[in-house]
Amino acid sequence: MTLFKTTSMAALLVFMSSSVHALPVSLIGDTINLDFGQTGFGGFLNADAVISDPGVEFVIPLFPQLPVDIDANSISLSFNPGVAGQIGVPTTFFFSDFDNIITSVTLAAGNAADVAGIFFTDDTITLNMHNPLAWSDPTQTFVFDVTASVPMPVVPLPGSLPLSAGVLALGWAGMRKKRRKSAQS
């Protein structure tokens with residue numbers, strides 16, 4: 001029975017180690033790219049920045065009222081049209097070149113009705129915003145929680161493992177046969 005328990009435990013450990021793929025990490029220190037554009041006007045900013053906290057990573061040119069702050073686990077967009085006019089068309093924030101794998105992006109603060117879409121891949125995040133002139137409150141801060149992870153390396157199955165399992169099975173069968181013979185005697 002001990003051999004069965006040992007073999008079962010080994011199989012469970014192999015399964016568990018292969019099912020763990022990623023560990024959560026901070027975005028601090030990551031160098032990313034922001035491509036900011038507006039419907040009908042093209043891009044106003046395509047720049048790289050290193051994520052640090054505290055500090056604003058990007059300020060949109062022509063729109064100083066729109067700082068983009070990224071910290072360890074979130075992206076903040078602070079719209080303040082009273083400072084320098086309003087943005088009158090839908091806007092898109094395209095973040096790319098993340099070093100780690102993006103596993104989720106969710107709206108944590110701000111009016112969800114003003115967000116046209118949240119999309120992400122392994123190393124990009126796209127935030128689409130409706131026309132701020134149509135918002136019920138044009139002065140607001142949106143906070144998007146971001147979860148990123150480091151991929152764990154896949155550990156290949158050792159070539160000797162199936163051979164070892166075969167030898168253990170033969171040994172177990174031999175011990176069982178020996179016990180039957182001694183019980184019959």
What is the distance from atom [atom1] of [X] to atom [atom2] of [Y], rounded to the nearest 0.5 Å?
{"X": "D48", "Y": "T31", "atom1": "CG", "atom2": "OG1", "value": "7.5 Å"}
{"X": "D30", "Y": "F95", "atom1": "CG", "atom2": "CZ", "value": "12.5 Å"}
{"X": "D114", "Y": "L77", "atom1": "CG", "atom2": "CG", "value": "12.0 Å"}

Ring pair (Phe, Tyr, Trp, His ring centres under 6.0 Å) involving F93 - partner list, sequence neighbours excluded: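 Counting only residues at least two positions away or on another chain, F93 forms a ring pair (Phe, Tyr, Trp, His ring centres under 6.0 Å) with F36.
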Considering residues at least two apart in sequence or located in another chain, which fulfil the side-chain contact (heavy atoms from CB on, under 4.5 Å) criterion with [X]?
{"X": "V115", "value": "L107, I118, M129, F142, F144"}
{"X": "D97", "value": "N33"}
{"X": "N73", "value": "none"}
{"X": "N128", "value": "T92, A116, F119, T126"}

Would you call [X] and [Y] a side-chain contact if the rule is heavy atoms closer than 4.5 Å?
{"X": "L34", "Y": "I32", "result": "no"}
{"X": "F98", "Y": "I125", "result": "yes"}
{"X": "D122", "Y": "I102", "result": "no"}
{"X": "V146", "Y": "S74", "result": "no"}
{"X": "E57", "Y": "I70", "result": "yes"}

Heavy-atom pair of closest approach, residues S149 and N100: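 Heavy atoms of S149 and N100 come nearest at O-CB, 3.4 Å.
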Which atom names give the shortest non-hydrogen contact between T103 and A148, and what distance separates them?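 That closest heavy-atom pairing would be OG1-N, 4.2 Å.
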Could I get the full list of side-chain hydrogen bond (donor to acceptor under 3.5 Å, both in side chains) partners for [X], not counting sequence neighbours?
{"X": "T141", "result": "S78"}
{"X": "S104", "result": "T147"}
{"X": "S76", "result": "none"}
{"X": "S52", "result": "none"}

Evaluate side-chain contact (heavy atoms from CB on, under 4.5 Å) for I75 paired with V143, printing each intermediate quantity in order. CA-CA 6 Å; I75 297 173; V143 178; over 6 Å; no
Check: N111/Q140 side-chain N/O donor and acceptor closer than 3.5 Å: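 Looking only at side-chain atoms, Q140 and N111 do not form any donor-acceptor pair under 3.5 Å.
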